[in-house]
Amino acid sequence: MHITMRQLQVFESVSRHLSFTRASDELHLTQPAVSMQVKQLEASVGLPLFEQIGKKIHLTDAGRLMLEHSLSILSQLKEAEQQINDLKGIEGGHLKITIATTVNYFVSKLLPDFCRQHPKIRITLDVTNRKALLKQLEANETDIVLMGQPPPDIDVIAEPFMENPLVVIASPNHPLAARKKISLKTLTDETFIMRETGSGTRNAMERFFAEHGMVTSSSVEMTSNEAIKQSVQAGLGLAIISAHTAELEFAAKRLVQLKVQNFPIRRNWYITHRTGKFLSGAAQAFKSYIIQNAH
Ligand code: PGA
């Protein structure tokens, strides 16, 4: 069999997406180029790897077998690359960091110094919500993750490095803004602007509401902290968000933190990676840097 690494990479991508189009997008190749690589691989193997049923493509038995071996070859090659980068010290290599959207507010302040200290480390920063980030951890697709609550069902090493208080925010013109003490019961008549399902902030808020037997009368859902802050400023309602995300607005008095009983909800940020994950020199340097500098 004359099989190339490129063919295996293309085949793996098509198998994961079960789509030639999505694989070509991911690999920045044309669709005919993707089809050609798969055809050549099929010619070497001597059996079809995909079958088209209706509009969908599926792996054949030979395809499934090839995928299993391809994944193991590709992951061994990645491991070799990482170990060699490590031998080269921390001044090179590629570091994939995945962070929760809410973490972005302080990580973007910390990254410039790290990059200045290690100019040769190539960084990919993926900013996403908790649900997507757990998927990446599970699939071992990232080196380091900065997140809220570590997952109980995935084997990870998680170190808390910073507090993450969740607070209730309002527009300065809101009737509750000037109140010195607000009971939880008062909040049940308010409209809440919430993050999307799958967000860690949203999970924490729902857990808190359930623990305190609170049912809010109405709510609006938004997928971004920025959109939430702007809507709260504009008077749409209240929101519960990480205090870090609203530091600028508090300082500019565009938002206020309400003095609500039992708040803030106390959480931590964790720096996390899979147990058994080989941390390159670059990943280790980043981990120590965050633990020392984030506060
Ligand atoms: P998120 O933040 O709400 O942006 O998903 C993660 C978390 O707070 O756990």
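In listed order, ligands and their atoms are each counted from 1.
Close approach of ligand 1 to Ala100 (heavy-atom distance below 4.0 Å) involves ligand atoms 2 (O), 6 (C). Those atoms of ligand 1 that come under 4.0 Å of a heavy atom in Gly148, given as number and element, are 7 (C), 9 (O). Using a 4.0 Å cut-off to heavy atoms of Arg130, the atoms of ligand 1 that qualify are 5 (O). Using a 4.0 Å cut-off to heavy atoms of Thr102, the atoms of ligand 1 that qualify are 1 (P), 2 (O), 3 (O), 4 (O).
With hydrogens left out, the protein atom closest to atom 3 (O) of ligand 1 is Thr201 OG1, 2.6 Å, a heavy atom. Protein heavy atom at the shortest distance from atom 4 (O) of ligand 1 is Thr101 OG1, 2.5 Å.
Between Tyr105 and His244, the distance separating the two ring centers is not shorter than 6.0 angstrom.
Under a hydrophobic-cluster definition in which Ile, Leu, Val, Met, Phe, Trp and Tyr are linked whenever side-chain heavy atoms come within less than 4.5 Å, directly or via other members, Met205 and Val260 are assigned to the same cluster.
Heavy atoms from other residues, nucleotides or ligands lying under 6.0 Å from NZ of Lys277 number more than 12.
Within the structure, ligand 1 has Arg267 among the residues with a heavy atom less than 4.0 angstrom away. In this structure, Arg195 counts as a contact residue of ligand 1, since one of its heavy atoms falls inside 4.0 Å of the ligand.
Taking 4.0 Å as the cut-off between side-chain N and carboxylate O, Arg22 and Glu26 do not count as a salt-bridged pair.
Side-chain N or O atoms of Tyr289 include none that pairs as donor or acceptor with a backbone N or O of Leu111 at under 3.5 Å.
Across every non-hydrogen atom of Leu258 and Leu176, the tightest pair is CD2-O, 3.7 Å.
On a distance-only criterion, Asn225 and ligand 1 share no N/O pair closer than 3.5 Å.
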